[in-house]
Amino acid sequence: QVQLVESGGGLVQPGGSLRLSCAASGFTFSDAIMSWYRQAPGKERELVATIRNPDGRTDYADSVKGRFTISRDNAKTTVYLQMNSLKPEDTAVYYCNAKVLWVPSYWGQGTQVTVSS
């Protein structure tokens, strides 16, 4: 069974930090392109960050560049999203996504991030 389990969300004040984790199982993690998406109430789901193999190239949405960092630990089959300098507009449900060539992508259940004073 393929599983992506997000954790680390919560309530944080503007300017604060959170680190999200996505624990993956049921597929070859090292072959996958891993991404974080987010969806705010009433908004479409948007791509936040992506990390590829084997070179580990990363890409970020313009809205989070310089504030968020995506990383992966292939041994632990886990991808992370370090979020710094959080803003109220970062409030959303954050989803982990895994994509392997030739098969459909997989999604986690999401973790809520709320940035509020």
Side-chain angles (χ1 to χ4, degrees):
Q1 179 183 355
V2 172
Q3 284 191 298
L4 298 173
V5 181
E6 300 97 334
S7 62
L11 175 64
V12 65
Q13 293 186 342
S17 298
L18 286 173
R19 192 189 196 197
L20 306 183
S21 298
C22 172
S25 61
F27 64 99
T28 305
F29 180 82
S30 59
D31 290 341
I33 298 170
M34 302 298 298
S35 298
W36 287 96
Y37 289 73
R38 68 186 182 187
Q39 187 167 25
K43 304 294 184 180
E44 295 183 347
R45 188 173 298 185
E46 64 174 342
L47 177 63
V48 175
T50 295
I51 185 165
R52 301 179 182 270
N53 273 346
D55 58 5
R57 181 177 65 85
T58 59
D59 292 293
Y60 298 92
D62 288 342
S63 59
V64 307
K65 284 181 179 177
R67 300 188 297 119
F68 290 12
T69 302
I70 187 171
S71 61
R72 67 192 294 166
D73 186 329
N74 287 341
K76 296 180 179 179
T77 65
T78 300
V79 63
Y80 306 94
L81 185 68
Q82 178 67 46
M83 305 184 295
N84 299 325
S85 302
L86 283 162
K87 305 174 180 179
E89 50 263 45
D90 295 319
T91 296
V93 177
Y94 284 71
Y95 297 91
C96 183
N97 175 271
K99 182 70 178 75
V100 181
L101 283 174
W102 314 119
V103 299
S105 63
Y106 305 108
W107 293 91
Q109 83 291 343
T111 185
Q112 176 71 50
V113 172
T114 301
V115 185
S116 176
S117 59

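Counting begins at 1 with the first residue of the sequence.
Residues satisfying the salt bridge (Lys or Arg N to Asp or Glu O under 4.0 Å) test with Arg67, not counting sequence neighbours, are Asp90. Evaluation of the salt bridge (Lys or Arg N to Asp or Glu O under 4.0 Å) rule for Asp59 yields Arg57 as partners, not counting sequence neighbours.
Remark: side-chain polar atoms of Thr111 are paired, donor with acceptor, to backbone N or O of Gly9 under 3.5 angstrom. In this structure, Asn74 contributes its side chain and Thr77 its backbone to no donor-acceptor pair below 3.5 Å. Side-chain atoms of Lys87 do not come within 3.5 Å of backbone N or O of Thr91 as any donor-acceptor pair.
Atom-to-atom distance recorded for Arg72:CZ and Ser30:OG is 7.5 Å, nearest 0.5 angstrom. Taken to the nearest 0.5 Å, the CG atom of Asn97 stands 9.5 Å off from the CD1 atom of Ile33. Distance check, rounded to the nearest 0.5 Å: CG of Leu11 to OG of Ser117 gives 10.0 Å.
Residues Tyr37 and Leu81 fall into different hydrophobic clusters, defined by Ile, Leu, Val, Met, Phe, Trp and Tyr side chains chained together at heavy-atom separations under 4.5 Å. Under the 4.5 Å side-chain heavy-atom criterion for ILVMFWY residues, a single connected hydrophobic cluster contains both Ile51 and Leu18.
When the shell of 6.0 Å around CD of Glu89 is examined, it contains more than 12 heavy atoms from other residues, nucleotides or ligands.
Using a 4.5 Å cut-off on side-chain heavy atoms (C-beta onward), Val79 and Ser71 make no contact. Looking at Met34 and Leu4, their side chains come closer than 4.5 Å, going by heavy atoms from C-beta outward. Contact of the Arg45 side chain with the Trp107 side chain is registered, since non-hydrogen atoms from C-beta on lie closer than 4.5 Å. Counting only heavy atoms from C-beta outward, the side chains of Ser17 and Gln82 approach each other to under 4.5 Å. Residues Pro88 and Pro14 meet the side-chain proximity criterion, which asks for heavy atoms closer than 4.5 Å. The shortest side-chain heavy-atom distance between Phe29 and Lys76 does not fall under the 4.5 Å cut-off.
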- Walk me through it: do Phe27 and Val100 pass the test side chain to side chain contact (heavy atoms under 4.5 Å, CB included)? CA-CA 9 Å; Phe27 64 99; Val100 181; 4.2 Å; yes
- Task: May I have the step-by-step check of side chain to side chain contact (heavy atoms under 4.5 Å, CB included) for Tyr94 and Gln39, ending in yes or no?
- Result: CA-CA 7 Å; Tyr94 284 71; Gln39 187 167 25; over 6 Å; no
- Message: Under the criterion side-chain hydrogen bond (donor to acceptor under 3.5 Å, both in side chains), I'd like the reasoning laid out for Glu6 against Gln109: C-alpha separation, chi angles, the key distance, then a yes or no.
- Response: CA-CA 7 Å; Glu6 300 97 334; Gln109 83 291 343; 3.3 Å; yes
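With Tyr95 as the aromatic partner, Arg38 does not meet the cation-pi criteria of under 6.0 angstrom to the ring centre and within 45 degrees of the ring axis.
Annotation for Ala92 and Gln112: closest pair O-NE2, 3.4 Å, computed over non-hydrogen atoms. In plain terms, the two heavy atoms of Ser35 and Thr50 that are nearest each other are OG-OG1, 2.8 Å. Nearest heavy-atom pair across Ser21 and Thr78 is CB-CG2, 4.3 Å. Contact detail for Val48 and Val64: the closest heavy-atom pair is O-CG2, 3.7 Å. For Val93 against Gly110, the heavy-atom pair with the smallest separation is CG1-CA, 3.8 Å. Of all non-hydrogen atoms in Tyr60 and Lys65, the two that sit nearest each other are O-CE, 3.3 Å.
Two rings, from Trp36 and Phe68, have their centers 6.0 Å or more apart.
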